[in-house]
Amino acid sequence: LDIGPLSFQGRSYDCSSDCSDIHMHLNRCNSCRVESGCFVGYDRPNFMGNQIFLRRGEYPDFQYMGNMMGMMGMAMMDTIRSCRIIPMHRGQFRMRIYERENFGGQMHELMDDCESLQDRFYMSDCQSCNVMDGHWLMFEQTNFRGRMMYARPGEYRNLRELGMSNIMRISSIRRVMDVC
């Protein structure tokens, strides 16, 4: 990941692992180029705040992208303050989702993408989960739209406490496949 100011001008910083505070290296990150792999960018330090999924490609202007994302109901981001690399995963995918926090309420197991929790499981929200295998993106709206949250293997007892309190609900979930 090569991050830097607007349209790849000025100083840049090469990042090949997690970075908890990009501002330690640059005053502002307005653009980036992903040369390989997949990353999640956060608009606050320490992997907090709004998130954006970054796959291989160029992102020349986060402010413009942020405005466009805002019009599509996604999180408006004009800079990246921290980023996390998503490791390549080639095995099976498995995740248990729960209707309520602390693994309460309805429970369903996912092994593939789910475009709508409501349509598939009659579940209006997911407030906790256990990611057993693979890496997942959880979205506020159906069909993988709106604000998103990255979930790597582990237990998540309360999704609202992960710096994503601005997400009203989780409505769709998809796997991060190894096509990055």
Side-chain angles (χ1 to χ4, degrees), residues 17-23 37-55 62 65-66 69-178 180:
S17 62
D18 295 353
C19 181
S20 64
D21 192 356
I22 290 170
H23 284 203
C38 294
F39 289 79
V40 175
Y42 301 80
D43 67 355
R44 291 181 23 214
N46 299 313
F47 319 112
M48 301 289 283
N50 293 313
Q51 302 178 22
I52 183 171
F53 177 67
L54 301 167
R55 63 173 27 132
F62 281 120
M65 272 179 56
M69 291 185 322
M71 288 191 297
M72 295 187 313
M74 298 169 70
M76 291 180 62
M77 293 179 63
D78 62 353
T79 188
I80 290 181
R81 291 286 311 265
S82 56
C83 65
R84 187 180 298 273
I85 191 166
I86 301 176
M88 188 80 73
H89 178 78
R90 296 194 188 276
Q92 70 174 357
F93 287 80
R94 217 174 71 170
M95 167 193 241
R96 287 194 181 128
I97 58 173
Y98 298 85
E99 182 180 34
R100 296 197 177 91
E101 60 189 45
N102 293 313
F103 314 119
Q106 288 185 59
M107 184 278 290
H108 297 282
E109 190 164 295
L110 286 177
M111 296 182 78
D112 58 354
D113 299 348
C114 179
E115 293 179 358
S116 171
L117 296 179
Q118 180 65 46
D119 292 349
R120 188 162 166 188
F121 301 121
Y122 304 106
M123 201 171 155
S124 62
D125 193 10
C126 165
Q127 293 187 13
S128 59
C129 69
N130 181 3
V131 177
M132 290 152 310
D133 295 300
H135 299 263
W136 301 76
L137 300 177
M138 306 174 82
F139 295 85
E140 184 177 38
Q141 298 174 20
T142 60
N143 300 311
F144 321 119
R145 295 179 47 104
R147 293 178 181 97
M148 59 147 270
M149 187 190 97
Y150 165 59
R152 58 188 184 170
E155 292 186 346
Y156 300 86
R157 293 185 169 278
N158 187 341
L159 295 174
R160 304 301 178 270
E161 291 180 351
L162 295 174
M164 295 305 297
S165 58
N166 59 339
I167 287 187
M168 300 305 290
R169 73 178 43 132
I170 301 295
S171 298
S172 59
I173 302 172
R174 75 175 177 137
R175 300 162 293 168
V176 178
M177 304 297 283
D178 60 357
C180 298

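Residue numbers run from 1 in the order of the sequence given.
Residues passing the salt bridge (Lys or Arg N to Asp or Glu O under 4.0 Å) test with R174, sequence neighbours excluded: none. Under the salt bridge (Lys or Arg N to Asp or Glu O under 4.0 Å) criterion, R81 pairs with D21, sequence neighbours left out. Here R96 pairs with E109 under the salt bridge (Lys or Arg N to Asp or Glu O under 4.0 Å) rule; sequence neighbours left out. Every residue two or more places apart in sequence or in another chain was checked for a side chain to side chain donor-acceptor pair (under 3.5 Å) with E99, and none qualifies. Scanning for salt bridge (Lys or Arg N to Asp or Glu O under 4.0 Å) contacts around D113 gives R175, with sequence neighbours left out.
Ring orientation note: the planes of Y98 and F103 are nearly perpendicular, at an angle over 60° on the 30°/60° scale.
In this structure the side chain of H108 never reaches within 4.5 angstrom of the side chain of C114, judged on heavy atoms. Considering only heavy atoms from C-beta on, V40 stays 4.5 Å or farther from F47 through its side chain.
How far CZ of F39 is from SG of C19: 10.0 Å, rounded to the nearest 0.5 Å.
Judged by distance alone, with hydrogens and angles left aside, the side-chain atoms of D43 form no donor-acceptor pair with the main-chain N or O of I80 at under 3.5 Å. Between the side chain of S128 and the backbone N or O of N158 there is no donor-acceptor pair closer than 3.5 Å. The backbone N or O of S172 lies less than 3.5 Å from no partner atom in the side chain of T142, so there is not a single donor-acceptor pair.
In the displayed structure, R84 atom CZ is contacted under 6.0 Å by more than 12 heavy atoms of other residues, nucleotides or ligands. Within 6.0 Å of CZ on R169 lie no more than 12 heavy atoms contributed by other residues, nucleotides or ligands. Within 6.0 Å of atom CZ in R120, more than 12 heavy atoms from other residues, nucleotides or ligands are found, so the atom counts as buried in its surroundings.
The nearest pair of heavy atoms linking S82 to S20 is CB-O, 3.3 Å.
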Can you give the donor-acceptor pairs under 3.5 Å from side chains of residues 130-137 to other protein atoms, not counting sequence neighbours?
from : atom 1 : to   : atom 2 : distance (Å)
D133 : OD2    : Q92  : NE2    : 3.4
H135 : ND1    : Y150 : OH     : 2.7
W136 : NE1    : D133 : O      : 3.2

